[in-house]
Enquirer: 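Structure below; questions to follow.
All chains are named by letter (A, B, ...) in the order of the sequence lines, taking the proteins before the strands, and each is independently numbered beginning at 1.
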Amino acid sequence: MNALTEIKDRFSQSLSGLVDDPSQLLALIRPAGNPEHGDYQANCAMPLGKKLGKPPREVAGELVEAIKLDDFCQSVEIAGPGFINLKLDNDWIKQRLNAALTDERLGVAKVADPRTYVIDYSSPNVAKPMHVGHIRSTVIGDALTKVLRFVGHQAISDNHLGDWGTQFGMIIYGYKNFVNEEAYQSSPVNELGRLYKYVRQLMDYHAAAKNLPLKLEELETAQALLNKLESEPEPTDKSEKKKAKKAIKRGADKVKDLTETIYGHLNEETGNLVGGLKQNIAKVESSPQAKSDAEAHPEIGTAVQAETAKLHEGDPENKMLWEEFLPSCLADIQRIYDRLDIQFDHVLGESFYHDELANVVNDLEAKGFTQVSDAAVCIFLENYETPMIVQKCDGAYLYSTTDLATIKYRMEQWSADACLYVVDFRQSEHFAKLFEVASKWGYNESELTHVSFGTVLGDDGKPFKTRSGDTVNLERLLDEAEARALMVAREQNAELPSERHQEISSIVGIGALKYADLSQNRSSDYKFSYEKMLATKGNTATYLQYAYARVQGIVRKTEADMEAIRANPVEFVFDQPIERQLGVKLIQFGEALDEVLVDYKPNILCNYLHELAQLFAQFFSQCSVKDAGSEALKISRLQMCDLTARTIKTGLEVLGIKVLDKM
RNA sequence: GCCCCCGUAGCUCAGCUGGAUAGAGCAACUGACUUCUAAUCAGUAGGUCGCAGGUUCGAAUCCUGCCGGGGGUGCCA
């Protein structure tokens, strides 16, 4: 039992006599924001005072009177309007530290009611190279899986691959028409990647050629309208003036949007125009080969759709090609997962559910949830303008259908109590509808949560879109992270052999990359920058790894036998204030883990670990272990070091980050 | 049009089920390596928490309006 739950338990008994549901008041008990106020503060007397119509300070006094705290609190004080400030008893802290020291789980109890979670994350479209946008889902999902497991839940990780969509129609079409057999033989992945891009390019070309006149016309109209609005005299009426201003702004926005659609937008870093219909056309026209291919395949868009449909209908040739291509595509993404050290329990992609889709729709129809609208099978929901479409007018199924089949499978096969979807925020409406339909359909016992995260933005603050043409390839980003870490490792540790440098740079580089993502609140948008993702100074994984390595240095230099000390621990000594501070932080590890799971936010654990490492760095500079003065203090400090190191190691491990003994 | 998210230090971000003087990191400046790893530590400086109202003992946090940015919006995923 950690300190926070201990305190809450005791308050709970007294509070439940006063209010119906004490949980809201219990949430107001938290670690003190300011060390001067003690270790924990209970802020429940103020709202309670209002409710009971008594002065809050009086209520606080009665609470303190009624609740037994003196066996583990050194002092209980009432401050300000009615804050109850608790300071933990040193002996109690030391006891907890000793318990953690001798426990493999660092004193963190397993949950009493383990649940089965399915975590759906990463889910890339195979056949497209992974880019920086994929890392968020992958890293956050992996961390949540590991935190859930550590606290005692069953967590099933499932990579719901996009392995059945239009991109395979594109590759199949590309293979049938444009394959370079020699290149395919020597490196299937590269050639398939080339074909994907090539077909995409030709499709974009035709789409652009078709849309350009239309868009140019729209732009002209919009511009004319804008000119007209701007030339009109300003209305004198206040609200009219406002309206006119708004209309001008809307007009200007439209002109800007259309201009970007047609001409592309400026990439500030390179100074080039990217995206845009004109670019799409120019790209093809600048290559004679591409131009003649484009002319020879005017209906490439519909042809690709047809290849996709044939695949879905079980056409033997396309099915065979799909089966041939898939392993290469999987091997390609697997290489990245290996480097990131990420494993999945299951990799059940969209293709896995294909045979079930008709049943799903039939069942929904039979239960009377569906309605045919414009020849598509739809489910209409309250509070949503648009329905969820489960079957297109041409009979094809959509990802909504697959998602429903997936929920069914996960509930029936795995008896999931909760299913977490670690997916981009932009799909929140899709998931809101999906969950509502699933609940209607009968899956209303389990928790379905969209663990959404912000968009990856480019340096210009604009969303990082694939079509902008300048995505950062994920694998090259990994290379860069390791390369930068390697430079520092060589500088710092010239005496080590070069294979050690390689190992260090891999662990430091990948750790930095993961931490950069995890330490940020997942719901915020993510501004991509090399600087941030590759940093090894400040609040980074490197800082935590470094703290760990320093402990190992101390153990080496003092020639301490940690095994023996753990087997026969001494009482902790708080010689310096920092030792008590570090001790309190150490016994709060379990609280941090609990808090991560309240809202599925790994950044809370990062914050905790960073604070812990900061305290350790202070301890390190203030408290010598080797020259502690007395043997008792030396052993106590060794114990403190050991516990810190193991907490950092475990904390990083559940975030998917490794540590090093030397760096 | 409708719906959702965001706006906090020069930069990148924490903090948001209301709590005590708004916190980190980077960048800047000052100081600390014959010492258990300086990938570090100590310190200085930097803020009308987009703006205006409201709710109350108390608002970065909740409500309303406005300004600015982004996203979504029936057969893509």
Enquirer: Suppose we screen for salt bridge (charged side-chain N to carboxylate O under 4.0 Å, His left out). Which residues come up paired with A:Asp525, at least two apart in sequence or across chains?
Expert: none
Enquirer: Take N1-N3 plus N6-O4 or O6-N4 for Watson-Crick, N1-O2 plus O6-N3 for G-U, both under 3.5 Å. Which runs of 3 or more such pairs involve RNA chain B?
Expert: B:1-7 with B:67-73, B:10-13 with B:23-26, B:28-32 with B:40-44, B:50-54 with B:62-66
Enquirer: Report the distance from atom CZ of A:Arg426 to atom P of B:U73, rounded to the nearest whole Å.
Expert: 10 Å
Enquirer: Does anything in residues 43-60 of chain A form a salt bridge (Lys or Arg N to Asp or Glu O under 4.0 Å)? List the pairs, not counting sequence neighbours.
Expert: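 Applying salt bridge (Lys or Arg N to Asp or Glu O under 4.0 Å) to every pair that reaches into residues 43-60 of chain A, excluding sequence neighbours, yields A:Lys54-A:Glu62.
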Enquirer: Roughly how many Å apart are B:C57 and B:C49, using the P atom of each and rounding to a whole number?
Expert: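 Result for the P pair: 23 Å, nearest Å.
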Enquirer: Using the P atom as the point on both nucleotides, what is the distance between B:U12 and B:U17, in whole Å?
Expert: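 The same atom, P, in both gives a distance of 25 Å.
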Enquirer: With A:Ala376, which residues qualify under side-chain contact (heavy atoms from CB on, under 4.5 Å), at least two apart?
Expert: A:Cys378, A:Ile389
Enquirer: Restricting to side-chain contact (heavy atoms from CB on, under 4.5 Å), what partner residues turn up for A:Asp594, sequence neighbours left out?
Expert: A:Asn2
Enquirer: Between C1' on B:G74 and CG on A:Asp394, what's the gap in Å once rounded to a whole number?
Expert: 13 Å
Enquirer: Test for a donor-acceptor pair under 3.5 Å between the base of B:G71 and the side chain of A:Thr455, counting only N and O atoms.
Expert: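 No such pair is found, so the answer is no.
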Enquirer: Taking only residues two or more places apart in sequence or in another chain, which ones pass ring pair (Phe, Tyr, Trp, His ring centres under 6.0 Å) with A:Tyr546?
Expert: none
Enquirer: For A:Leu398, which contact category applies under a 4.0 Å heavy-atom criterion: base, sugar-phosphate, or nothing?
Expert: sugar-phosphate
Enquirer: Could you state the atom-to-atom distance from OH of A:Tyr515 to C1' of B:A24 in whole Å?
Expert: 10 Å
Enquirer: Test of understanding: with side-chain contact (heavy atoms from CB on, under 4.5 Å), list the residues that count as partners of A:Asn125, not counting sequence neighbours.
Expert: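 A:Asn125 satisfies side-chain contact (heavy atoms from CB on, under 4.5 Å) with A:Lys128, A:Gln167 only.
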Enquirer: Specify whether A:Trp164 and A:His312 have parallel, tilted or perpendicular ring planes, treating 30° as the upper limit for parallel and 60° as the lower limit for perpendicular.
Expert: parallel
Enquirer: Table please: side-chain donor-acceptor pairs of residues 615-624 of chain A below 3.5 Å, with sequence neighbours left out.
Expert:
residue  : atom : partner  : partner atom : Å
A:Ser621 : OG   : A:Ala617 : O            : 3.4
A:Ser621 : OG   : A:Gln618 : O            : 3.0
A:Ser624 : OG   : A:Asp627 : N            : 3.0

Enquirer: Between B:C6 and B:U61, how far apart are the two P atoms, rounded to whole Å?
Expert: 13 Å
Enquirer: Write down the distance separating the C1' atoms in B:G47 and B:A9, rounded off to the nearest Å.
Expert: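 B:G47 and B:A9 have their C1' atoms separated by 6 Å.
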Enquirer: Please give, in whole Å, the distance from B:U73 P to A:Phe425 CZ?
Expert: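 In whole Å, B:U73 P and A:Phe425 CZ are 11 Å from each other.
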Enquirer: I need a per-nucleotide contact map over nucleotides 34-46 of chain B, read 5' to 3'. Cutoff is protein heavy atoms under 4.0 Å; write B for the base, S for backbone only, - otherwise.
Expert: --BBSBSSS----
Enquirer: Give the table of side-chain donor-acceptor pairs shorter than 3.5 Å for residues 430-437 of chain A, with sequence neighbours excluded, one pair per line with atom names and distance.
Expert:
residue  : atom : partner  : partner atom : Å
A:His430 : ND1  : A:Tyr399 : OH           : 3.3
A:His430 : NE2  : A:Asp403 : OD2          : 2.8
A:Lys433 : NZ   : A:Thr386 : O            : 3.2
A:Lys433 : NZ   : A:Thr386 : OG1          : 2.7

Enquirer: Between A:His610 and A:Tyr543 (judged by ring centroids, cut-off 6.0 Å), do the two rings come close enough to count as a pair?
Expert: yes
Enquirer: If the condition is side-chain contact (heavy atoms from CB on, under 4.5 Å), which residues does A:Ala396 pass it with, not counting sequence neighbours?
Expert: A:Lys392, A:Asp394
Enquirer: Specify the separation, in whole Å, of atom NE2 of A:His450 and atom C1' of B:A77.
Expert: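 That distance rounds to 13 Å.
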Enquirer: Return yes when atom NZ of A:Lys658 has more than 12 non-hydrogen atoms of other residues, nucleotides or ligands closer than 6.0 Å, and no otherwise.
Expert: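 Result for NZ/A:Lys658: open.
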Enquirer: Mind checking the P distance from B:C51 to B:G68? Whole angstroms is fine.
Expert: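 After rounding to an integer number of Å, I get 15 Å for this pair.
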Enquirer: Please measure how far the C1' atom in B:A27 lies from the corresponding atom in B:G46, and state the result in whole Å.
Expert: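 Their C1' atoms lie roughly 11 Å apart.
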Enquirer: Going 5' to 3' along nucleotides 10-23 of chain B, which nucleotides have protein heavy atoms under 4.0 Å from the base (write B), which only from the sugar-phosphate (write S), and which from neither (write -)?
Expert: --SSSS---BBB--
Enquirer: Between B:U48 and B:U8, how far apart are the two P atoms, rounded to whole Å?
Expert: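 It works out to 12 Å between them.
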Enquirer: With distance as the sole test, does A:Asn85 use its side chain to make a donor-acceptor pair with the main-chain N or O of A:Glu77 at under 3.5 Å?
Expert: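 Such a contact is absent between A:Asn85 side chain and A:Glu77 backbone.
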Enquirer: Can you check the distance between B:U64 and B:C26, where both ends of the measurement are the P atom (answer in whole Å)?
Expert: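 Each nucleotide's P atom is 39 Å from the other's.
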Enquirer: Can you tell me the distance, in whole Å, between the CG atom of A:Asp163 and the C1' atom of B:A77?
Expert: 13 Å
Enquirer: Between atom CZ in A:Phe431 and atom P in B:A77, what is the gap in whole Å?
Expert: 13 Å
Enquirer: How many whole angstroms separate atom NE2 of A:His131 from atom C1' of B:A77?
Expert: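 From A:His131 NE2 to B:A77 C1': 12 Å.
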